[in-house]
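Below is one structure; the comments refer to it alone.
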Protein chains: 2
Amino acid sequence: MPIEIPDVVIDRLPVYARALASLDRQGRDVVSSQELGAQLGVTPAQIRKDLSYFGRFGKQGRGYNVKRLLEELHQILGLDRKWRMVVVGVGQLGHAVLSYGGFAPQGFDIVEAFDADASVIGKQIGDLVVKPVAAMREALAGQHIDIGIVATPAAAAQQVIDALVESGVRAILNYAPIAAHVPRHVRVKDIDPVLSLQSMTFYLKSDLAHSPPK
Amino acid sequence: MPIEIPDVVIDRLPVYARALASLDRQGRDVVSSQELGAQLGVTPAQIRKDLSYFGRFGKQGRGYNVKRLLEELHQILGLDRKWRMVVVGVGQLGHAVLSYGGFAPQGFDIVEAFDADASVIGKQIGDLVVKPVAAMREALAGQHIDIGIVATPAAAAQQVIDALVESGVRAILNYAPIAAHVPRHVRVKDIDPVLSLQSMTFYLKSDLAHSPPK
DNA sequence: CCTCGATTGCGCAATTTTTCGCAAATGTAG
DNA sequence: CTACATTTGCGAAAAATTGCGCAATCGAGG
């Protein structure tokens, strides 16, 4: 009965939400799928179809009320509450993740940090103290953690992911360059700039060099 | 005549290449689409179909020669040569990008870094000195840059991207939370952990809390 | 109250992507 | 040399996703 909503649709909703938030800050009250689409580089039809999975939010002849739609999307995506995350791996990358200011304002709170290396264990970063990854199970036993961020070397990543899953984490943001194995009830999103670069080079390579933009 | 190759296929090739590189390091000589698929979580049929866009690399009854296929993929993707990149924006994030050790070994060299902030201009990072973004056009005028990495605040990003494009860059790795506007001959890949998190929460939200893994 | 330009929601068609199924080929073992 | 267990490559079917077309609706302006 509750028709299946495609993953691709879910992936686009946060993009819409971000654009709407920006419009809202600019004081815009309404926006059409046409205009939103032009701004985001997607077709108006796609936006309307995507939204139609969840309800009827627009008004014919007018478009969408920015505040209203933004709120709906937040609710749909579960962005109307806080999410608790832990970071595993506090090297260069993990450090950057921990100091990144973009998570907290969106309701994503990092509440623990773990590492295997004695030289960073005990170190204070922001208001967290890095704990030994060996003691992760115990440290997480009492609390509810929604999301695990994996920023370890590739060799350690699968092991860490297994431990996170056993600790009840149901979503993983994986910065390690591996294809993670997880049970079906766990979501994984990979962040891998190298893969992104490596697919773009395919197109660069085949472009005839230096052709001036038309 | 040269049938169009879907973007999704190109996006998967680097994943295959990485898995093959790993198998090669482990000393494996051949691998079947079955095994490779199991390792990566994709169907064997998909791997075979993807590869079939580019040629016939396997042997019936045996599978694929690991070294051979890896080399072919490198050639297809243009990974058999160096790519020159610049970083714009040397804040927390840009700094992490500059110090990240994962680009160079794959042939992605960062050859310039720019920022708008006087407090970082002139600073030395690795063997680069941060130059003023205002002088980017001149600095890039002589050289050929393949890829621009944008790690500026959102407000500056589009402007920076325009400048990169005018300087001849044909691919952009965009860390800024905006939907970039570029001419059709320019490729963009976005890296945005917040969007990834925001789509995962949709599934977390609707999961009934604490259901034990089956 | 009527007309008009704009815009949604949605059924349906078109397109894209994935999966299936199997003939042909390969290597091994007897 | 034959039988057999594998596994590829690829055409064709199936599934997923996107885009089209248009009736219904809305608000503005007479």
Side-chain angles (χ1 to χ4, degrees), chain A residues 1-16 19-20 23 28-73 76 179 199 202-203, chain B residues 1-16 19-20 23 28-73 76 179 199 202-203:
Chain A
M1 187 120 330
I3 25 154
E4 195 58 46
I5 294 160
D7 284 7
V8 274
V9 171
I10 302 301
D11 285 345
R12 281 190 294 262
L13 297 186
V15 179
Y16 300 161
L20 287 165
L23 285 167
R28 287 291 305 273
D29 282 334
V30 296
V31 68
S32 65
S33 58
Q34 167 96 78
E35 184 183 353
L36 193 56
Q39 212 156 107
L40 294 176
V42 303
T43 64
Q46 179 148 81
I47 292 175
R48 296 203 300 274
K49 172 69 87 177
D50 285 350
L51 295 178
S52 77
Y53 282 102
F54 302 97
R56 316 176 40 143
F57 308 117
K59 216 172 245 178
Q60 281 111 326
R62 292 272 290 162
Y64 300 89
N65 177 293
V66 172
K67 275 196 163 54
R68 157 92 195 292
L69 183 54
L70 180 55
E71 246 168 57
E72 295 279 3
L73 286 177
I76 290 165
S199 59
F202 172 80
Y203 302 98
Chain B
M1 188 128 324
I3 26 153
E4 194 60 45
I5 294 160
D7 285 7
V8 272
V9 171
I10 301 301
D11 285 345
R12 280 190 295 261
L13 297 187
V15 180
Y16 301 161
L20 287 165
L23 286 168
R28 288 290 304 275
D29 282 335
V30 296
V31 67
S32 65
S33 58
Q34 167 96 77
E35 184 182 353
L36 193 56
Q39 212 156 107
L40 295 176
V42 303
T43 64
Q46 179 149 77
I47 293 176
R48 295 204 299 275
K49 174 67 91 181
D50 285 350
L51 296 178
S52 77
Y53 282 102
F54 302 97
R56 316 174 41 142
F57 307 118
K59 214 173 244 179
Q60 280 113 325
R62 293 272 289 160
Y64 300 88
N65 177 294
V66 172
K67 275 197 161 55
R68 157 91 194 293
L69 183 54
L70 180 55
E71 246 169 56
E72 294 279 2
L73 286 177
I76 290 165
S199 58
F202 172 80
Y203 302 97

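Proteins come first, then strands; the chains are lettered A, B, ... in the order of their sequence lines, and each starts at number 1. Remember, predicted model here, so these are calculated numbers, not experimental data.
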Exercise for the section: Verify the neighbour count for atom CD of Glu35(A): are there more than 12 heavy atoms of other residues, nucleotides or ligands below 6.0 Å? Expected result: yes

Rounded to the nearest angstrom, tell me the gap between atom [atom1] in [X] and atom [atom2] in [N].
{"X": "Phe54(A)", "N": "dG9(C)", "atom1": "CZ", "atom2": "P", "result": "13 Å"}
{"X": "Asn65(B)", "N": "dA25(C)", "atom1": "CG", "atom2": "P", "result": "21 Å"}
{"X": "Asp7(A)", "N": "dT17(D)", "atom1": "CG", "atom2": "P", "result": "8 Å"}
{"X": "Glu4(B)", "N": "dT15(C)", "atom1": "CD", "atom2": "C1'", "result": "13 Å"}
{"X": "Asp50(A)", "N": "dA16(D)", "atom1": "CG", "atom2": "P", "result": "16 Å"}
{"X": "Ile5(B)", "N": "dT16(C)", "atom1": "CD1", "atom2": "C1'", "result": "15 Å"}
{"X": "Ile47(A)", "N": "dT8(C)", "atom1": "CD1", "atom2": "P", "result": "9 Å"}
{"X": "Gln46(B)", "N": "dG21(C)", "atom1": "CD", "atom2": "P", "result": "17 Å"}

Taking the minimum atom-to-atom distance to the side chain of [X], which one of [options] wins?
{"X": "Arg48(B)", "options": "dT18(D), dC10(C), dC22(C)", "answer": "dC22(C)"}
{"X": "Pro6(B)", "options": "dG9(D), dT8(C), dT17(C)", "answer": "dT17(C)"}
{"X": "Arg12(A)", "options": "dT19(C), dT8(C), dT18(D)", "answer": "dT18(D)"}
{"X": "Lys59(A)", "options": "dT8(D), dC26(D), dT18(D)", "answer": "dC26(D)"}
{"X": "Arg56(A)", "options": "dG9(C), dG19(D), dG9(D)", "answer": "dG9(C)"}
{"X": "Gln60(A)", "options": "dG27(C), dT18(C), dC26(D)", "answer": "dC26(D)"}

Practice task
Can you tell me which residue pairs pass the side chain to side chain donor-acceptor pair (under 3.5 Å) test with a partner in residues 37-47 of chain A, sequence neighbours excluded?
Solution key: none

Problem - Contact residues, residues 30-37 of chain A to DNA chain C [heavy atom, < 4.0 Å] - result: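 Residues of residues 30-37 of chain A that come under 4.0 Å of DNA chain C are, in numerical order, Ser32(A), Ser33(A).
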
To the nearest 0.5 Å, what is the distance between [atom1] on [X] and [atom2] on [Y]?
{"X": "Asn65(A)", "Y": "Lys59(A)", "atom1": "CG", "atom2": "NZ", "value": "8.0 Å"}
{"X": "Arg56(B)", "Y": "Arg48(B)", "atom1": "CZ", "atom2": "CZ", "value": "13.0 Å"}
{"X": "Phe202(A)", "Y": "Asp11(B)", "atom1": "CZ", "atom2": "CG", "value": "11.0 Å"}
{"X": "Leu69(A)", "Y": "Tyr16(A)", "atom1": "CG", "atom2": "OH", "value": "10.5 Å"}
{"X": "Ile47(A)", "Y": "Ser32(A)", "atom1": "CD1", "atom2": "OG", "value": "8.5 Å"}

Handout entry: base_contact_polar (dG9(C) base, Lys49(A) side chain, donor-acceptor, <3.5 Å)
Key = no

Exercise for the section: Give a yes or no on whether a salt bridge exists between Arg68(A) and Glu72(A), defined as a side-chain N under 4.0 angstrom from a carboxylate O. Expected result: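 Salt bridge flag = yes for Glu72(A) with Arg68(A).
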
Practice task
May I have the step-by-step check of side-chain contact (heavy atoms from CB on, under 4.5 Å) for Leu70(A) and Leu23(A), ending in yes or no?
Solution key: CA-CA 10 Å; Leu70(A) 180 55; Leu23(A) 285 167; over 6 Å; no

Handout entry: Among Ile10(A), Ile5(A), Leu13(A), the one residue meeting side-chain contact (heavy atoms from CB on, under 4.5 Å) with Ile76(A)
Key = Leu13(A)

Completion exercise
Residue pair Ala45(B)/Ala45(A) against DNA chain D: nearer the 5' end by closest nucleotide is Ala45(B)

Exercise for the section: Could you identify which residues of residues 66-73 of chain B place a heavy atom less than 4.0 Å from some atom of DNA chain D, listed by residue number, or say none? Expected result: none

Exercise for the section: Just call it for Arg62(B): base, sugar-phosphate, or nothing, with non-hydrogen atoms closer than 4.0 Å on any strand. Expected result: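 Contact class for Arg62(B): sugar-phosphate only.
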
Practice task
Look at Tyr64(A) and dG9(C) and indicate whether a side-chain polar atom (N or O) is within less than 4.0 Å of OP1 or OP2.
Solution key: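 So the side chain of Tyr64(A) is within the cut-off, an N or O lying under 4.0 Å from OP1 or OP2 of dG9(C).
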
